[in-house]
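Comments concern the structure below.
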Amino acid sequence: MSRKKISSATRRAFAARLLAWYGDHKRDLPWRRDAHDPYRVWISETLLQQTQVATVIPYYARFLARFPTVRALAAARLDDVLKVWEGVGYYARARNLHRAAQEIATRFGGEIPGTVEELLTLPGVGRYTAGAVASIAFGRDEPALDGNVTRVICRYFHIARDPKGAEARNLLWELVQQLLPRGNAGAFNQALMELGATVCAPRQPACSACPLQRGCAARRLGIQEQLPIKRRKKKLPHHQVAVGVVWKGKKLLIAQRYTQDLLGGLWEFPGGHQEQGESLARCVAREVREEVGIAIKVGKEFATVNHAYSHFSITMHAFDCHWLRGRPRALGCAAVKWVLPRELARYAFPAANRKIITNLIG
Ligand code: SF4
């Protein structure tokens, strides 16, 4: 794909119109009040990946109240970090924040580094987050390209290529780099993101309210909604999963997922995928035996929950079960515990398990 050289007149007009619009229209978001604090910028940018602003606001406040500094986060137990993150999804983000905080404490003396190169060495920090933290918190002339910015740039410059492809991606980074007004990259990056989030929406962009309407190629051609080009989505696989809520007296059994797995570090009821030709009840008995090494009596299915993840979806069948024999051991999980129902609130569970808990104890 050919390089695009943007004229200095276009660059100046683009930045001036965008920044003037941002000055008048930016939303009052909590992390914007904390933009001088790299820890807060890093936490907000991590939360905002794949999560809507309205959902992020209360989690941001809770996270900072619980872990107000990098050192507090580094010293925390992963279980506690996951508990505060419970419900946001994409738990790798929380595990990476925790590991990165520990690295910042040991490698950088507890201070978040200010260059993109150093930021990129931290777990979970990609080019976007590094650019956002470096420009917003440290005032460096670094671009930040997220989904919202990608949409604006693809439309403005009429980039009719899948932006997930390597070539188009490089071109987009190059364009935002060229557009950056020196010395004001933090505001410029936030303004572009804000425009994508509030005006240049995926559907029915509000072009008549857009500060960039004059130079926008997609608007001129009337093809706004056709850009960015999307890959055709594959149909997601669907799995049947059976889990056992295993009682022994007043306690029930929970197991912790391996840290490196999807939803790693979270707790759940033991169980797993149904095999071909296997009944759900047999599946529960087998999975519980393999995962925690005990024999159980499988009772009635009392809850059925559907849940979609990014790459697959499940129907989870929950069975009321009773312990028969054996001492639970972590054979196919990281840890196993007997807990009272009221103690479940202390542990972080994935969304599908949470729905089962609600069904169980209201
Ligand atoms: S004019 Fe319309 S399509 Fe172009 S950047 Fe603005 S909102 Fe997006």
Side-chain angles (χ1 to χ4, degrees), residues 1-29 31-32 45 48-54 56 127-129 131-132 135-136 141-233:
M1 188 171 283
S2 63
R3 288 164 66 96
K4 273 186 197 278
K5 180 91 179 93
I6 310 170
S7 72
S8 57
T10 302
R11 276 191 273 129
R12 273 200 303 276
F14 189 104
R17 288 187 192 128
L18 182 66
L19 286 167
W21 170 85
Y22 185 59
D24 291 341
H25 294 91
K26 68 176 166 195
R27 291 169 293 176
D28 179 24
L29 300 173
W31 43 91
R32 294 211 169 126
E45 289 300 337
L48 285 163
Q49 291 161 21
Q50 291 139 329
T51 309
Q52 301 288 326
V53 165
V56 166
R127 204 166 162 189
Y128 165 74
T129 310
S135 63
I136 298 168
D141 288 333
E142 296 287 355
L145 182 76
D146 70 350
N148 286 322
V149 176
T150 296
R151 186 165 55 256
V152 175
I153 300 295
C154 281
R155 288 173 174 173
Y156 188 87
F157 290 104
H158 187 196
I159 296 173
R161 296 280 294 267
D162 174 7
K164 294 212 164 73
E167 259 188 292
R169 204 114 212 99
N170 287 340
L171 175 66
L172 288 164
W173 276 102
E174 202 183 289
L175 290 171
V176 283
Q177 176 80 54
Q178 285 188 57
L179 288 167
L180 278 188
R182 305 294 151 205
N184 208 3
F188 179 84
N189 287 335
Q190 291 181 85
L192 259 185
M193 294 179 216
E194 186 81 341
L195 187 75
T198 60
V199 174
C200 194
R203 299 232 178 94
Q204 299 183 332
C207 298
S208 56
C210 176
L212 304 179
Q213 56 181 290
R214 219 187 290 166
C216 177
R219 179 172 205 234
R220 195 175 62 244
L221 299 166
I223 57 168
Q224 297 92 317
E225 293 206 19
Q226 293 166 37
L227 296 174
I229 302 277
K230 284 190 194 73
R231 271 185 199 166
R232 217 181 274 158
K233 276 195 184 149

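All ligand and atom numbering here is 1-based and tracks the order in the structure.
In this structure, the side chain of Arg155 does not engage the main chain of Ala218 through any donor-acceptor pair within 3.5 Å. When atom types are taken as modelled, the side chain of Arg151 and the backbone of Cys200 share a donor-acceptor pair closer than 3.5 angstrom. The backbone N or O of Ile6 lies less than 3.5 Å from a partner atom in the side chain of Gln178, making a donor-acceptor pair.
Salt-bridge check for Glu194 with Arg32: passed, with a basic side-chain N closer than 4.0 Å to an acidic carboxylate O.
For the pair Tyr156/Leu179, no side-chain contact is recorded, criterion being any heavy-atom separation below 4.5 Å from C-beta on.
Protein atoms of type N/O/S that fall under 2.8 Å from atom 8 (Fe) of ligand 1 number 1 in this view.
Tested against Leu175 for a side-chain contact (heavy atoms from CB on, under 4.5 Å), the candidates Val149, Ile153, Leu145 yield a single pass: Ile153.
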